[in-house]
Amino acid sequence: MADDKLSLLDTNTMNPKPARLSKLHTSPTLGELLMRVEDAQSDTSGPNTPRPPHRVLDLTYACSSVPPSYPFVLSFNNLTYSVKVRQKMSLSSCFSKNNTTFDNSTLISKVLLNDISGEAREGEIMAVLGASGSGKSTLIDALADRISKESLKGSVTLNGEVLESRLLKVISAYVMQDDLLFPMLTVEETLMFSAEFRLPRSLSRSKKKARVQALIDQLGLRNAAKTVIGDEGHRGVSGGERRRVSIGIDIIHDPIVLFLDEPTSGLDSTSAFMVVKVLQRIAQSGSIVIMSIHQPSYRILSLLDRLIFLSHGQTVYSGSPTSLPRFFAEFGHPIPEKDNRTEFALDLIRELEEDPEGTKSLVEFNKTWQAKKTERNNNCHDGPKLSLKDAISASISRGKLVSGAPNNSTLASSVPTFANPFWIEIMVVAKRSLTNSSRMPELFGIRLGAVLVTGIILATMFWQLDNSPRGAQERLGFFAFAMSTTFYTCAEAIPVFLQERYIFMRETAYNAYRRSSYVLAHSLISIPSLIFLSFTFAATTFWAVGLAGGLQGFFFFLFTIFAAFWAGSSFVTFLSGVVSHVMLGYTVVVAILAYFLLFSGFFISRDRIPPYWLWFHYLSLVKYPYEGVLQNEFDDPVKCFVRGVQLFDNSPLGMVPNSLKVDLLKSMSKTLGMNITSTTCVTTGLDILKQQGITDISKWGCVWITVAWGFFFRIMFYVSLLFGSKNKRS
Ligand SMILES: Nc1ncnc2c1ncn2[C@@H]1O[C@H](COP(=O)(O)OP(=O)(O)O)[C@@H](O)[C@H]1O
Ligand SMILES: [Mg+2]
């Protein structure tokens with residue numbers, strides 16, 4: 001039983017189970033169908049009748065070669081998409097007398113897709129070709145429901161039914177142009193994490209493993225399975241293998257429709273061929289593959305089943321690769337015998353593009369050619385086409401669509417959004433992140449080194465401060481500096497998240513996990529390292545500088561440092577969710593932290609800050625930990641910082657001989673009617689706090705507010721992710 005289930009998960013099997021046709025008669029709802037995913041996969045009774053082999057190279061689409069029923073057909077009709085762009089103003093028009101520069105009239109409509117129709121079938125690869133800028137990515141986006149419905153005119157249907165976004169998410173996959181992978185995970189681990197995110201929890205771990213192994217074979221990655229992905233600093237798998245891993249991540253759930261934007265770009269011809277070969281295998285396992293490709297080699301062309309050539313968003317050719325010579329011959333530009341067909345076609349299109357009328361003639365010619373073709377095919381029937389529901393049902397019982405087994409749904413709209421519960425997501429995200437970072441210990445090492453070096457420099461600079469007036473002043477400086485450095489050392493989080501963000505965007509686009517689990521997992525795993533860093537910093541400085549409060553004081557100091565690290569890292573994480581570029585991130589962090597320090601109360605105490613800036617003082621993240629540690633230091637009421645003659649330190653009278661100062665004290669005492677001797681305490685710690693304007697919040701209040709800021713920015717990070725990763729064009 002278990003073995004049977006395993007073999008069903010193997011998409012590579014050329015011997016799939018027959019469809020349970022009895023189910024088709026009752027015509028269940030989609031939700032019910034998807035509910036049976038598990039069911040159908042485990043039900044393996046029945047003879048192993050082989051599926052008819054796919055006709056992959058049905059090149060002419062003449063009646064005779066149309067197979068009786070292709071389960072899945074994705075059709076798109078009259079797709080039109082335009083955007084409003086601001087017309088570039090020439091310099092002269094800006095300075096001309098009728099200066100209506102930013103008038104609405106400068107907004108012009110740019111047509112990116114112009115009335116594009118076509119069809120893609122299961123078992124085949126449909127390729128979109130064209131020069132760069134011709135609209136290939138836009139077309140793929142339109143088909144993959146990555147353009148909002150309001151802006152896109154025309155229809156996309158699967159087996160004649162308009163697809164709902166949620167359903168499409170479950171049955172399709174979109175592979176992005178860049179390989180965004182965790183560099184330090186092996187190929188196998190990468191695919192396994194994807195399996196844990198995307199495959200339903202009801203599927204046991206061993207079956208997920210089996211799926212990953214089957215996929216590794218399908219992708220031709222057996223030899224690289226145990227190799228890490230690698231990055232600039234670490235040797236890893238080759239470019240072609242990376243690309244195949246990227247594809248594998250997205251097809252782990254065995255989607256029915258697979259979209260790829262230039263999957264071969266940046267690869268050498270052999271790797272590119274391998275990638276398309278893998279795509280052909282995927283198509284033949286029962287999927288529709290739609291990809292864009294810049295310039296396919298001759299060998300790749302032999303793997304493609306349908307081509308759409310675009311030029312300025314218009315179709316200039318649509319049909320099989322074998323019909324290309326006939327098409328261009330009839331157009332009056334026959335392809336020379338030894339030429340690469342697509343290269344010739346693309347060159348010709350480019351030539352025609354130079355002349356605005358040129359493309360038009362080809363577009364028109366293609367239209368008549370298409371009309372003729374439909375006429376040729378019209379007098380024969382496609383055979384009984386399966387409805388979408390039936391097709392999905394049949395596909396599921398063949399063992400397809402490993403994802404999307406819902407619990408209790410009767411409607412397609414209640415297709416499950418996430419495969420796993422919240423806490424599992426947190427665990428898997430955390431585990432992946434820890435695995436990846438534990439293999440790059442140098443990252444944490446650098447941060448620890450930065451904290452340690454700062455600690456040691458501060459310890460030696462402020463070595464054993466005394467309790468003189470100058471010592472008290474230096475303590476203030478030490479605290480202000482120490483608290484702001486904790487924030488600065490958090491800035492290293494920026495590039496890490498900016499890199500990870502694209503992975504996050506891809507994964508949340510297909511609902512691999514909830515955004516909230518990502519934020520929580522991210523926060524949780526940062527805490528141990530923050531504790532370690534805080535301890536390192538507190539231990540190197542506390543006794544070296546000679547801070548007050550003994551062990552209790554140390555723990556408070558440690559806790560405040562930790563709170564500052566926590567708030568700082570949350571703040572930086574939030575910023576990295578808002579800014580788009582590393583350098584911009586650093587600039588913003590450095591600027592804002594400088595303002596925080598300026599308004600913290602160290603340079604100008606609170607009562608001296610102009611009232612209209614006071615709000616910024618309260619926003620300053622440095623204020624709270626700074627005031628906390630200051631109170632920890634100076635809250636001993638009997639400790640004295642200015643005693644008797646020390647009153648004259650830091651003033652011109654500080655230079656005069658001691659005996660003179662004593663005389664001065666005596667006469668002052670007489671005048672003031674107080675007895676100030678050379679040992680009388682003039683300023684206690686509490687007085688210093690008062691002078692610094694630190695009177696409004698208790699020391700524990702300060703720490704808790706710092707911690708709360710940390711939580712606040714984590715929540716803001718979450719919000720920024722909600723708004724920042726819509727993944728759709730407008
Ligand atoms: N949001 C947009 N606003 C204006 N022009 C755009 C926008 N998106 C794409 N374009 C333009 O549309 C054309 C097609 O883009 P694209 O589909 O990315 O081409 P391809 O993938 O074939 O290189 C390009 O000329 C591009 O500059
Ligand atoms: Mg593109």
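We count ligands from 1, going down the list as the structure has it; atoms in each ligand are counted the same way. None of the values given here were measured: they were computed from a predicted structure.
- Taking every non-hydrogen atom of Thr138 and a distance limit under 4.0 Å, the qualifying atoms of ligand 1 come out as 14 (C), 15 (O), 16 (P), 17 (O).
- Between Ser137 and ligand 1, an N or O atom pair is found at a separation short of 3.5 Å.
- By the criterion of a heavy-atom distance under 4.0 Å, neither the backbone nor the side chain of Glu262 is placed next to ligand 1.
- Listed by atom number, the atoms of ligand 1 under 4.0 Å from Ala131 heavy atoms are 22 (O).
- In this structure, the ring of Phe365 has its center less than 6.0 angstrom from the ring center of Phe327.
- For Gly313, the heavy-atom gap to ligand 1 stays at 4.0 angstrom or more.
- Close approach of ligand 1 to Ser132 (heavy-atom distance below 4.0 Å) involves ligand atoms 23 (O).
- The structure places CD1 of Ile249 at 14.0 Å from CZ of Arg244, a figure rounded to the nearest 0.5 Å.
- Annotation for ligand 1: atoms under 4.0 Å from non-hydrogen atoms of Gly135 are 14 (C), 16 (P), 17 (O), 19 (O), 20 (P), 22 (O).
- Around atom 10 (N) of ligand 1, the closest heavy atom drawn from Asp141, Leu112, Val128, Ile140 belongs to Leu112.
- Note that OH of Tyr317 is 8.0 Å distant from CD of Gln370, once rounded to the nearest 0.5 Å.
- Side-chain contact check for Ser318 and Thr315: no donor-acceptor pair (N or O, by modelled atom type) lies under 3.5 Å.
- Looking only at heavy atoms of the protein, atom 23 (O) of ligand 1 is closest to Gly133 N, 2.7 Å.
- The pair Lys136-Asp261 does not meet the salt-bridge criterion, since no charged nitrogen lies less than 4.0 angstrom from a carboxylate oxygen.
- Of the heavy atoms in Ser292, none comes closer than 4.0 Å to ligand 1.
- In this structure, Thr80 contributes its side chain and Asp115 its backbone to a donor-acceptor pair below 3.5 Å.
- Atoms of ligand 1 lying under 4.0 Å from any heavy atom of Lys110, numbered from 1 in the order shown and given with element: 5 (N), 11 (C), 25 (O), 27 (O).
- Taking atom 22 (O) of ligand 1 as the reference point, the nearest protein heavy-atom neighbour is Lys136 N, 2.8 Å.
- For Ser311 and Glu353, the side-chain atoms include at least one donor-acceptor pair closer than 3.5 Å.
- Heavy-atom proximity to atom 3 (N) of ligand 1, evaluated over Leu139, Leu129, Val83, is greatest for Val83.
- Going from atom CZ of Arg242 over to atom CG of Leu180 covers 8.5 Å, rounded to the nearest 0.5 Å.
- Here Ser137 meets the criterion, with an N, O or S atom under 2.8 Å of the Mg ion (ligand 2).
- No donor-acceptor contact under 3.5 angstrom links the side chains of Ser361 and Glu364, judged on distance only.
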